[in-house]
Amino acid sequence: MFGFIPHQSVQPNLGLIPKPLSVQVQDGQFEINSDMRVAVTDDTTSVGLKLRNYICPATGFILPLNRSLGRGAINLRLDNHLSDLGPEGYRLDVKSDRIDITGYKPAGVFYGVQTLRELFPSDIFRAAKVSGVPWRLPYVRIEDKPRFSWRGAHMDVARHFEQKRFVEKFLDEMALHKLNVFHWHLTDDNGWRIEIKQYPRLTEFGSKSDFSVMNPKEATRSRSVIPGGYYTQDDIREVVRYAADRFITVVPEIEMPGHSAAAILSYPELGNAEAIKRVGGDYKAIGRDNVYNPSDSTIAFLQNVLTEVMELFPGKFIHVGGDEVDKGPWKRNPEAQEKLHALGLKDEDELQSWFVRQMDAFLTSKGRRLIGWDEILEGGLAPGAAVMSWRGIDGGISAAKSGHDVVMTPTSNTYFDYYQAKDGIGEPVAIGGYLPLRLVYAYEPIPPSLSPDEAKHVLGAQGQLWSEYIPEPRHMEYQAFPRFCALAEVVWSEPKDRSYAEFLTRLKPHLERLRAMDIAFREPDSNDWSP
Ligand code: ACM
């Protein structure tokens with residue numbers, strides 16, 4: 001006797017990345033044609049315009065946008081009953097006579113639209129009309145919501161500058177992957193990239209250099225075609241708006257007190273060498289002066305800079321760096337020592353902590369929140385500050401245990417400036433390290449030692465694109481993808497049934513989308529493809 005064999009409905013591979021919470025595919029397909037419309041409400045009009053613009057280039061259909069929700073339309077609307085899905089969740093139904101995308105908030109509808117794009121043939125991502133493609137989508141019901149609220153991508157434009165248009169292309173790539181925080185590393189030793197009206201030398205002088213200019217020994221490995229560059233405040237406003245249109249918050253990073261040579265070269269009184277000179281010390285012993293001095297006037301300078309920054313960036317968080325501060329210049333600067341003692345502080349770690357507290361109090365008084373790299377924990381963390389745990393996960397654990405919010409950014413799993421092939425064989429020069437796709441995918445942002453209440457302080461995770469060895473935009477995309485595809489799933493999807501092998505089956509069709517978008521991603525090699 002044979003047992004009863006239930007009907008096995010083989011689920012087609014839709015290649016959805018990040019993986020939604022639930023997907024039910026039904027038999028049949030919906031064909032989009034030029035008779036369709038996009039039906040919206042007040043709340044969903046801007047998302048509707050975006051959807052129309054996504055569909056238009058490849059199909060050639062200019063779908064009318066109107067208010068008549070119903071059959072024959074892609075209906076975008078909000079529904080209070082979907083509050084369980086949260087502000088970024090959505091329900092997507094492709095049925096025989098209509099497509100419905102419904103969310104509790106517009107962000108959810110926007111993410112439903114991103115999933116809808118993935119249901120089309122991958123040619124939908126092309127920028128001009130593709131002939132002979134029937135634009136068919138499977139009948140499906142999807143319910144989806146993100147696991148974490150901070151789904152970040154960091155980009156260093158200080159070591160090598162990136163053009164505004166490239167940044168905007170990257171924001172499009174983020175949106176497709178449902179990433180929602182763009183951490184823009186705007187200042188560092190090698191360059192100052194943001195116009196500050198009150199301090200024009202920051203860009204007149206401080207923007208002219210880059211990593212290859214300041215590190216001539218590295219120039220052959222990492223040379224920009226055009227060194228330097230910066231964004232005007234008008235440029236910044238454009239990028240911030242472009243991001244907001246895609247439900248992406250831009251978190252600007254203004255590095256302090258270290259990694260600040262570009263600002264100090266522009267205004268030497270901000271550093272330590274000038275102070276040492278004033279008191280007749282051996283300022284040459286200081287080496288590269290890349291740490292702000294802790295004087296009242298320097299604190300005021302930075303708060304003035306942050307005032308202009310806050311006008312440009314409406315998001316809650318402002319990143320002040322705080323990593324890798326060389327305390328030597330403070331040790332050798334008698335004025336810094338005087339300050340340290342006048343404040344009753346024990347050592348330079350406490351001075352750094354004091355420095356960050358000045359910024360924290362200032363940002364907090366303006367209704368913002370400070371975030372910094374995990375070194376800001378040393379010497380005591382400012383009360384409302386949040387931390388990016390990059391030197392492993394211990395900083396994240398101790399911050400969360402003491403009630404501070406954390407974004408997990410450990411080098412081990414999220415530094416996308418590392419090589420993707422073992423020993424970098426066959427790859428363009430990178431900073432070092434080895435972070436293959438599978439290791440990104442394997443990352444679990446909640447450290448096991450956190451209690452459920454402590455774990456609530458883990459806002460999410462973020463991939464880092466430090467650009468010392470990324471001199472041009474195609475290389476940036478090469479470092480970014482497909483690792484951001486894996487990270488998107490880490491921060492969006494439920495971990496319980498996560499499988500690298502199954503991810504790979506979805507990645508294959510997804511890469512066709514990235515190809516159609518002209519993203520210079522790294523082709524996974526046989527090691528990546530072996531589950
Ligand atoms: C860092 O990588 N220095 C935060």
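Start at 1 and go down the list; that is how both ligands and their atoms are numbered. Here the structure is a predicted model, which is why all the values come from computation and not from measurement.
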For this session: Report, in ascending order of atom number, the atoms of ligand 1 lying under 4.0 Å from any heavy atom of Trp466.
Result: 1 (C), 2 (O), 4 (C)

Exercise. Is Trp373 in polar range of ligand 1, meaning some N or O pair under 3.5 Å apart?
Worked result: no

Exercise. Between Glu324 and ligand 1, does any nitrogen or oxygen pair lie at a separation below 3.5 Å?
Worked result: yes

Exercise. Is the shortest N/O to N/O distance between Asp323 and ligand 1 below 3.5 Å?
Worked result: yes

Problem set entry | Intermediate values then yes/no, side chain to side chain contact (heavy atoms under 4.5 Å, CB included), Leu312 and Gln233 | CA-CA 7 Å; Leu312 294 166; Gln233 295 203 349; 3.9 Å; yes

Exercise. Do the rings of His185 and Trp466 sit parallel, tilted or perpendicular, given the 30° and 60° boundaries?
Worked result: perpendicular

Problem set entry | Distance from atom 2 (O) of ligand 1 to nearest protein heavy atom, with residue and atom | Tyr415 OH, 2.6 Å

Exercise. Do Arg201 and Glu204 sit within salt-bridge range, that is, some charged N less than 4.0 Å from a carboxylate O?
Worked result: no

Problem set entry | Cation-pi geometry met for Arg474 and Tyr478 (6.0 Å, 45°) | no

Exercise. Can you name the one residue among Glu255, Gln352, His259, Glu348 that meets side chain to side chain contact (heavy atoms under 4.5 Å, CB included) with Val325?
Worked result: Gln352

